2 protein chains.
Amino acid sequence: MLTIRDIAAKAGVSVSTASRALNNNPRISVATRKRIQALAAAEGYRPNYNAKNLTAGEANAVGVVFPTSDRNSTDNPFYIDLLRGINTELMKRQYVLSVAISKTAAELLENVKAMVAQGKIKRFVLLYVHQDDPIAAFLREKQLHFVTIGEPIDGNDDYFVDNDNLEAGIGGASFLLDQLAVKHPVFVESGHEWGYERQRRQGYERVAAQFNVEPLTCKLHDLEYVRSFIEHHPEIDGIMATDDFNAIEFYRLVRERYAVSHFPVVSYNHSLPTGLTDADLHSVNLFPEKMGSATVSLLFGDRQDKTATPRKQIRIPYEIK
Amino acid sequence: MLTIRDIAAKAGVSVSTASRALNNNPRISVATRKRIQALAAAEGYRPNYNAKNLTAGEANAVGVVFPTSDRNSTDNPFYIDLLRGINTELMKRQYVLSVAISKTAAELLENVKAMVAQGKIKRFVLLYVHQDDPIAAFLREKQLHFVTIGEPIDGNDDYFVDNDNLEAGIGGASFLLDQLAVKHPVFVESGHEWGYERQRRQGYERVAAQFNVEPLTCKLHDLEYVRSFIEHHPEIDGIMATDDFNAIEFYRLVRERYAVSHFPVVSYNHSLPTGLTDADLHSVNLFPEKMGSATVSLLFGDRQDKTATPRKQIRIPYEIK
DNA sequence: CTGTTAGCGCCTTCAC
DNA sequence: GTGAAGGCGCTAACAG
């Protein structure tokens, strides 16, 4: 394995000069810096990060924490795209993505603690928002950087990346009522009262008021409930749902009762394969990969220019097509 | 931060004794070993893994590689549960899960190379099976351990964990034809020709032959195709699908055409919330978490007893309820 | 601008 | 059974 000594030797300089050159230390003349960097690249030198981390006292890793159970959470393609966005950005910084995931909250916390104590990881991403989360509390106490995906709900002033769900709700509802000319929309949500659902619903309600329509809402509790709901609301002529799965689930039940087709639907996340539903489905793209890259830039305290105060939150815009 | 020197000092022994005691080295008397371990635990000592890794020349991390794009792949809850299974097992070994994930194949390979060269990671899990995969080739060339999720298709004798998809196909079909008494089943698959789909189909065909029924198959190409298929096959009275999403998709289209309910359905992965379909849905549980833990035991060369030859593959059984 | 030296925390030869 | 010393690869004082 090629070490920095080898590079130093081949370049005819001392190890420390090589080290400084490779780290772009201004104390080394630009000429030798370039020369040594070129040499290292040519020889295929790769620094040993265990050694770097040992001296730095900090690992080149970001801990990404999954919620304990996501069976009821926002859907999964979203997570995967988010991971992709995060990791692409981390690679540029020569960082690695480590995940903490477990079935039990206790084990998960232990996982994070091990990352901190044994792994010297100092930056984390929480892929969820919980009330009084012990992991967030631990990270705060240890004064470590972390960013949550989704706006905090417990009043803590944490860094976060989110969509503007209120705006997305307004946009989606406007699209449904205006472009798709729906007169009797229904808002379909999971029944878990997630923050993003509430916010999108508020957007929906606001637009409904503008259009003078009654803001009808249905939670997907169970089959009987929804069937009965649909039975009592034959007037429904369009769906706005908090995600694609809720949308097709409800639509399926509508079709079961009434002979409709090309039914106007607006939902979120862009997570279905196309062509397999006859609904006129417009899924709002929330750009999870962009959220991932924004997360990283928040995590590392990027700023537009030096004078700008660092931001604590980033909202990613949406797109309806 | 508590280092091994602190422990050594408090125990009144030298650093090397402390090190050996903590690593359960038999050269240290059992008594002092216990004593020092107890002390370390009481003081909350945690070894610095960057230092350990530096001397060991190998990181306490496993690289988990995601496919470039999984939009068309097996569904995602499966991945998440798999990750959970892998990580739970890794934690026991004081290992960390690092992920490689990217949109492009080139960047993904670069990601893995960096993990190897800079991170000293020597063990990998590939969450996919590809023909002539450059990443698998790289890992083979470097003689690193890796396990694929799914049986290799290119004739390479790699380690893998999989379900017994043929058996699961036979089991699922038997359940549908026997227990659920279906006379005119249809086999629904994605059209991507994944290995597991082919194998389950073979199981289905075998059972169909036993029951003297025509092995009907439908690929979910596009809406028109499937609708026409359903139109031409009014006799269908039960569905066997390669996963839950394919199942409900097809079922929706059946219901759209015919007034059925409590339709018998067998599919795989157990990935839907219950209560929101009126199909008589029996989803085969493939125990992704178990697959994860089996993956790790393969990766670390566990054996039942010392004399047993190491296994290169593990098949996880299924369950139908 | 560059070289020498010490040390990050831990493990492991080599002595006793 | 235990200790002292050196080194893993790299960075950061301290010199010059």
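These figures come from a predicted structure and were not determined experimentally.
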Quiz item: How far apart are the closest heavy atoms of A:M115 and A:S98, and which atoms are they?
Solution: CE-CB, 3.7 Å
Self-check item: Between A:Y49 and B:N50, a side-chain donor and acceptor under 3.5 Å
Solution: no
Self-check item: Donor + acceptor pair across side chains of B:R315, B:N163 (<3.5 Å)
Solution: no
Please tabulate the protein-to-nucleotide N/O contacts below 3.5 Å involving nucleotides 8-12 of chain D, giving atom names and distances.
from: D:dC10; atom 1: OP1; to: A:Y45; atom 2: OH; distance (Å): 2.4
from: D:dC10; atom 1: OP1; to: A:N48; atom 2: N; distance (Å): 3.2
from: D:dC10; atom 1: OP2; to: A:I4; atom 2: N; distance (Å): 2.5
from: D:dT11; atom 1: OP1; to: A:N23; atom 2: ND2; distance (Å): 3.2
from: D:dT11; atom 1: OP1; to: A:K52; atom 2: NZ; distance (Å): 3.2
from: D:dT11; atom 1: OP2; to: A:S19; atom 2: OG; distance (Å): 2.7

Quiz item: Is there a side-chain polar atom (N or O) of B:S29 under 4.0 Å from OP1 or OP2 of D:dT2?
Solution: yes
Practice problem: Would you mind reading off the distance between A:R27 atom CZ and D:dG16 atom P, rounded to a whole angstrom? | Solution: 15 Å
Exercise. Specify the separation, in whole Å, of atom CD1 of A:I36 and atom P of C:dG3.
Key: 8 Å
Exercise. Identify whether the distance between the nearest side-chain nitrogen and carboxylate oxygen of B:K113 and B:E110 falls below 4.0 Å.
Key: no
Practice problem: Report the C-alpha separation of A:S19 and A:S16 in whole Å, then their side-chain angles, then the decisive distance to 0.1 Å, and conclude whether the side chain to side chain donor-acceptor pair (under 3.5 Å) test is met. | Solution: CA-CA 5 Å; A:S19 171; A:S16 53; over 6 Å; no
Practice problem: Check each residue of residues 113-122 of chain A for a non-hydrogen atom within less than 4.0 Å of any atom in DNA chain C, then write out the ones that pass by number, or none. | Solution: none
Quiz item: How close or far is atom C1' of D:dT2 from atom CZ of B:R33, stated in whole angstroms?
Solution: 13 Å
Quiz item: Hey, mind stepping through B:K120 and A:M1 against side chain to side chain contact (heavy atoms under 4.5 Å, CB included) and telling me if it holds?
Solution: CA-CA 11 Å; B:K120 306 295 171 212; A:M1 205 202 62; 2.6 Å; yes
Quiz item: Does the pair B:D158/B:R140 count as a salt bridge with the N-to-O cut at 4.0 Å?
Solution: yes
Exercise. For A:R84 and B:E107, run salt bridge (charged side-chain N to carboxylate O under 4.0 Å, His left out): C-alpha distance rounded to whole Å, both residues' side-chain angles, the deciding distance at 0.1 Å, then the answer.
Key: CA-CA 11 Å; A:R84 208 169 269 133; B:E107 196 179 86; over 6 Å; no
